[in-house]
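Scroll down for the structure; my scribbles are underneath it.
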Amino acid sequence: MELTTVWFVLIAVLWTGYFLLEGFDFGVGVLLPFLSRDEADRRVIVRSIGPVWDGNEVWLLVAGGATFAAFPEWYATLFSGFYLPLFLILLALIARGVALEYRGKSDNPRGWDRAFFWGSLGPAFLWGVAFANIVRGVPLDARHEYTGTLLTLLSPAALLGGLATLLLCTSHGAVFLALRTTGELRAAASRAAKSLAPATIVVVMAFLLTIGGPRPVLEGAWWAAVALAALGLAGSTVATLRGRDGWAFTASAVAVVAVVAGLFVRLFPNVLPALDPANSLTVTNAASTPYTLTVMTWVAAIFTPVVLAYQAWTYWVFRRRLTGPSAGAE
């Protein structure tokens with residue numbers, strides 16, 4: 001396998017990990033004002049992701065850094081053409097991080113809760129808009145520069161992608177909260193997961209089946225990912241109805257992985273298709289030099305297992321449900 005393909009796969013893995021882990025963080029933030037009855041509930045909801053949310057964001061940083069180093073042409077075109085949406089995502093993530101750190105130190109935590117809500121909803125929606133455009137293709141000229149406008153990125157298909165990722169993350173967050181909490185809060189999270197399930201299944205599948213763009217080279221793998229996403233969403237719904245929180249979260253995780261992996265499968269061998277195929281960015285014409293990719297591969301081989309082991313240890317330490325009055329303490 002060529003190093004360009006290896007790094008495309010690694011970047012796909014990084015984005016998949018980001019949506020798998022940060023996805024339920026976003027969902028928790030979106031659900032905060034709807035599931036909490038009082039400040040005690042809000043504290044428990046925030047504490048459910050308190051030990052892990054910043055570690056989950058590392059996946060985004062590494063994905064961005066890997067894209068910059070392995071495919072600099074892709075990075076340059078993407079961040080110039082998608083500048084405003086990506087800037088809005090950055091602002092939302094900053095507001096969300098500050099809210100999580102400062103709500104427990106404020107006399108008015110409700111203001112920080114609103115920042116947490118919008119800082120979660122915005123990226124959950126805008127990432128879907130961005131990836132829908134990336135997979136479908138955008139107007140690029142012969143120099144691989146974006147020639148469209150902001151409205152070009154806000155097509156109905158792209159907005160459907162945003163709605164799909166928003167619902168997917170929110171549902172993922174609901175089953176995560178059901179897994180992490182007890183009592184009435186767990187019951188409320190389960191009810192939210194059941195209520196969101198029909199819309200999530202319909203919108204996510206509609207997005208995958210109508211995404212458009214170039215015909216997938218790995219068509220068999222693409223349809224396998226679509227089928228796995230459908231099975232994951234259906235399995236999560238059935239498990240939630242039966243009160244099997246662990247299986248519900250596992251199935252939801254499978255659905256998230258299948259959706260994101262499927263998008264990258266459909267994208268390959270492009271990294272950013274152009275409406276004129278002659279101007280598309282591919283894993284070949286957007287890549288760094290072989291020497292750079294070789295050095296990066298050795299670095300990734302050494303440090304990736306360390307990072308994965310540390311994050312797995314973190315989740316193992318904080319695996320128990322939050323329960324009792326102490327769960328709400330800051």
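Numbers here simply count residues along the sequence, with the first being 1.
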**Prompt:** Would Thr237 and Thr240 count as having a side-chain donor-acceptor pair, cut-off 3.5 Å?
**Reply:** no

**Asked** Are Thr297 and Trp7 close enough that a side-chain donor and a side-chain acceptor fall under 3.5 Å?
**Response** yes

**Asked** Rounded to the nearest 0.5 Å, how far does CG of Leu267 lie from CZ of Phe131?
**Response**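 One finds 9.0 Å between CZ of Phe131 and CG of Leu267.
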
**Asked** Between atom CZ of Arg43 and atom CG of Asp38, what is the distance when rounded to the nearest 0.5 Å?
**Response** 10.0 Å

**Asked** Hey, what's the ring geometry for Trp74 with Phe264, parallel, tilted or perpendicular (30° and 60° as the breaks)?
**Response** perpendicular

**Prompt:** With under 30° as parallel and over 60° as perpendicular, where do the rings of Phe176 and Phe24 fit, or are they tilted in between?
**Reply:** parallel

**Shortest non-hydrogen contact from Ala193 toward Val175** = CB-CG1, 3.9 Å

**Prompt:** Are there more than 12 heavy atoms of other residues, nucleotides or ligands under 6.0 Å from atom CZ of Arg143?
**Reply:** no

**Request:** Assess whether atom CD of Glu219 is packed by more than 12 heavy atoms of other residues, nucleotides or ligands within 6.0 Å.
**Result:** yes

**Asked** How about Leu35 and Asp41: do any of their side-chain heavy atoms sit closer than 4.5 Å?
**Response**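 Heavy-atom side-chain distance check fails, nothing below 4.5 Å.
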
**Prompt:** Can the ring centres of Phe26 and Trp127 be said to be less than 6.0 Å apart?
**Reply:**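 No - the distance between ring centres of Phe26 and Trp127 does not fall below the 6.0 Å cut-off.
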
**Request:** Output yes when a side-chain donor or acceptor of Arg180 lies under 3.5 Å from a complementary backbone atom of Ile45, and no otherwise.
**Result:** no

